[in-house]
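Here is how names work: the chains are called A, B, and so on, in the same order as the sequence lines, proteins then strands, and each is numbered from 1.
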Number of protein chains: 2
Amino acid sequence: MPASRKTPKLADVARLANVSEATVSVVINGRVGKHARVSETTQEKIWQAVRELGYVANPAAKTLAGGSSMILAVFTFEPIFPIEHRNFYYPFLIGIEQEARQHGYDLLLLTSIDNTQDGRHIYRNGRNRLQLVDGAILLGAENNKQEVLALLEDRYPFVFVGRRDSPNDNISYAAADYAEGTAEIVDYLFQYQHQKIAYITSRSPKESSIDREIGVRRGFERNGRGLHNLQFWTGSADRLTLHDLTLLLQQGVTAFIAEDDLLGNQILRLAHGAGWQCPRDFSLAVLGDPLSLVEPVQTWTAFRIPRHAMGREAVRLLVQMLGELDPNRTAPYRTMLPCTFVPGTTVAYPPVADLKSRDA
Amino acid sequence: MPASRKTPKLADVARLANVSEATVSVVINGRVGKHARVSETTQEKIWQAVRELGYVANPAAKTLAGGSSMILAVFTFEPIFPIEHRNFYYPFLIGIEQEARQHGYDLLLLTSIDNTQDGRHIYRNGRNRLQLVDGAILLGAENNKQEVLALLEDRYPFVFVGRRDSPNDNISYAAADYAEGTAEIVDYLFQYQHQKIAYITSRSPKESSIDREIGVRRGFERNGRGLHNLQFWTGSADRLTLHDLTLLLQQGVTAFIAEDDLLGNQILRLAHGAGWQCPRDFSLAVLGDPLSLVEPVQTWTAFRIPRHAMGREAVRLLVQMLGELDPNRTAPYRTMLPCTFVPGTTVAYPPVADLKSRDA
DNA sequence: TATTCTTGATAAAGGGCTTTATCAAATAGA
DNA sequence: TCTATTTGATAAAGCCCTTTATCAAGAATA
């Protein structure tokens, strides 16, 4: 920052106030009584000088010297940074931004896009992009386990948005309770007299997928239904065929649970092609908010992911972590937020034929 | 960043490669031949060491020592940071983000929200938030002239999104040509046989408002119409009454040009209350994209602001500025982007009665 | 062979801040 | 009155990197 009239520095304040730089630093950072003792009089003199010069600390220097930069990084492993309408990750960001601002933090947006060949993400162009900030919020599904573990080992302060497993189970996160949200969907289907249910899932190794499957099973268990009433179909949306659906229906399935809206939409599309209507001919529930940008035709019976709250909570946890006195604490910071059930219009009682056949 | 295995630093690389820190710095930053000469052999040795240690430069130190941080700040004077659906400023951000990433820059989001009482914005909590970054993109209408001038004087590199006046006319910007966009709207209204037109404007001192008025006048001039055919109504949307509109219509006005959609919507609301229909009873055009979050009932006859392109262009200009060799250049960096005319559905030929009265 | 360029590399001086260890003076305790 | 403690403040080292000025050695020129 080339300046005509040079920006005042700590030394200038010290000179004007007739004290040492150390004292100024202590006072300005509210470390009086911790690093050193400073009389009221001196403190007032210093603030006076600060005001007079319009002194502003250089954040780079602060950071370098081990102070805080009052900046949090938001790191997303998604290929496209969610600054995009209707993007699934967008509401998280809003929450993150709001909470960060409330705590006086600015946000450094980092994306994992990387045109170097080394495949590292957090590190880019030979520069650790996190060294500049006080801590990081990690967001997105495609996480690079290796890098995250490296951060953990470095005791770098970060919080995930969404549950994340790790060998020592020591990752901090603000997560949504997908399992319970899912179980409630199952409850609902049972209330609507569905007996046989098919779970259409990608069965990816991601935590979000694992939790949903846990929820499905939990739903069956707590309603006292045997797992023989639960059919699985595993694969990605483009692999799902009408034949698959027909087969499931023939086995007595009257309701589908789709892991996400991509699968849900595919079910709907196939069914529509065959002249079936939802929820007249079959019921359908979706586990969570839409990932796709397609405006849904019907309102899914689904649960809402508290994305906004998750973003806020993640920042809250991070700030708490940064303010924590004990540098030896190993316990992760965590919050589990509930999902909200949405009745929607895609679930109804099974077709009479099915009810009859059940009674028979 | 407390680390178990300390992050390697420049000195470590130097030691491993058996050269001085200075040499490493020169090589890593591609300053060979500029600051010093280094043989191919040595360079290779250094890169080897860098790879082996996984060295990553500390951005804070780089910044402090006068290097570049590869971070751009996005500063908005708006009270709410545009991370929000359907926000007027949102598309700008998308463009900014895309272009920044293309150039390898990360983004620091700064907002003008300020809970200290001193009323300063770029400076907050006794910390100049811009000292950390290489340059800044300024966005938003409520700019603080004083601060911007201070930046200019400091020769701090920044680019505005949108045209900005300054005493020496030396502010860099990527702007949209509102004047021409507006003039085209006027052309269009004349094509539709409107004779008397009312311009409903806030007449704020903002550049965007000034340019639109210039455009209105230009439209009249280049169509050879006298300004006595141009009526003005000045004020904010909540001050506009049905009486005002009636008066204008009585004076022979058949088309309104609203400076923004807030005014446009108010016109529509009032008219609707009186049983008038648009464009049957009167025509209406709006100068630019909607500021409000209200979904419009009709598609305005309007022009589109190339918000996305403006964002990108602003970053392009900033990057260019940063790469500029000549530190003494005083000429601002500027681009003027065209707006796109949108026919919409709110303009038609004037009511027959009016055409007749004109002929009479 | 003596002199001038080049080439290749370095020492050292910052850049602006934080923090630890240290100290003098003032106060309290005996 | 003399020592022990508390109070108020500082010197100096360090954070990690960039850049300028300087230099030794080898190559080219005379």
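- Side-chain N/O atoms of B/Asn29 include one lying less than 4.0 angstrom from OP1 or OP2 on D/dT18.
- Listed by chain and number, the residues in a side chain to side chain donor-acceptor pair (under 3.5 Å) with A/His35 amount to none (sequence neighbours excluded).
- With sequence neighbours excluded, the residues forming a side-chain contact (heavy atoms from CB on, under 4.5 Å) with B/Ala14 are B/Glu21, B/Val24, listed by chain and number.
- Taking atom NZ of A/Lys45 as the reference point, atom C1' of D/dA9 lies 10 Å away to the nearest angstrom.
- To the nearest 0.5 Å, the span separating OG1 on A/Thr63 from CG on A/Asp134 amounts to 7.0 Å.
- Residues satisfying the side-chain contact (heavy atoms from CB on, under 4.5 Å) test with A/Leu16, not counting sequence neighbours, are A/Ala49, A/Glu52, A/Leu53.
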**Request:** Could you go through the side chain to side chain contact (heavy atoms under 4.5 Å, CB included) check for B/Arg101 and B/Glu97 one step at a time?
**Result:** CA-CA 6 Å; B/Arg101 186 163 63 215; B/Glu97 208 270 332; 3.5 Å; yes
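- Look at CG on B/Leu10: it is 5 Å from P on D/dC17, rounded to the nearest Å.
- Atom P of nucleotide D/dC16 and atom CG of B/Asn58 are separated by 7 Å, given to the nearest angstrom.
- In this entry the distance linking CZ of A/Arg15 with P of C/dC17 reads 12 Å, nearest Å.
- With sequence neighbours left out, A/Asn168 forms a side-chain contact (heavy atoms from CB on, under 4.5 Å) with A/Asn170.
- Between A/Arg31 and B/Ser39, it is B/Ser39 whose nearest contact on DNA chain C lies nearer the 5' terminus.
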Below 3.5 Å is the cut-off: list the nitrogen or oxygen pairs between protein and nucleotides 10-13 of chain C, distance only.
{"residue": "C/dT10", "atom": "OP1", "partner": "B/Ser20", "partner atom": "N", "Å": "3.4"}
{"residue": "C/dT10", "atom": "OP2", "partner": "B/Ser20", "partner atom": "N", "Å": "2.9"}
{"residue": "C/dT10", "atom": "OP2", "partner": "B/Ser20", "partner atom": "OG", "Å": "3.0"}
{"residue": "C/dT10", "atom": "OP2", "partner": "B/Thr23", "partner atom": "OG1", "Å": "2.5"}

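- Note on B/Lys62: every side-chain N or O is 4.0 Å or more away from OP1 and OP2 of D/dC16.
- B/Tyr89 and B/Phe92 have tilted rings, their planes meeting at an angle from 30° to 60° on a 0 to 90° scale.
- Interatomic distance, B/Ile96 CD1 to B/Tyr105 OH, rounded to the nearest 0.5 Å: 15.0 Å.
- The terminal axes of the helix from C/dT1-D/dA30 to C/dA30-D/dT1, fitted over 5 pairs per end, subtend an angle of 50° to the nearest 10°.
- Set against D/dC16, C/dC17, C/dA9, the side chain of A/Ala61 has C/dC17 as its closest nucleotide.
- Nucleic acid contact class of B/Thr42 (heavy atoms, under 4.0 Å, all strands): sugar-phosphate only.
- Applying the 4.0 Å criterion to OP1 and OP2 of D/dC17, one finds that B/Tyr55 has a side-chain N or O inside that range.
- Of the listed nucleotides (C/dA9, C/dG16, C/dT19), C/dG16 has the atom at the smallest distance from the side chain of B/Leu64.
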**Request:** Apply side chain to side chain contact (heavy atoms under 4.5 Å, CB included) to B/Lys62 and B/Met70, showing your working.
**Result:** CA-CA 10 Å; B/Lys62 267 188 105 100; B/Met70 292 309 280; over 6 Å; no
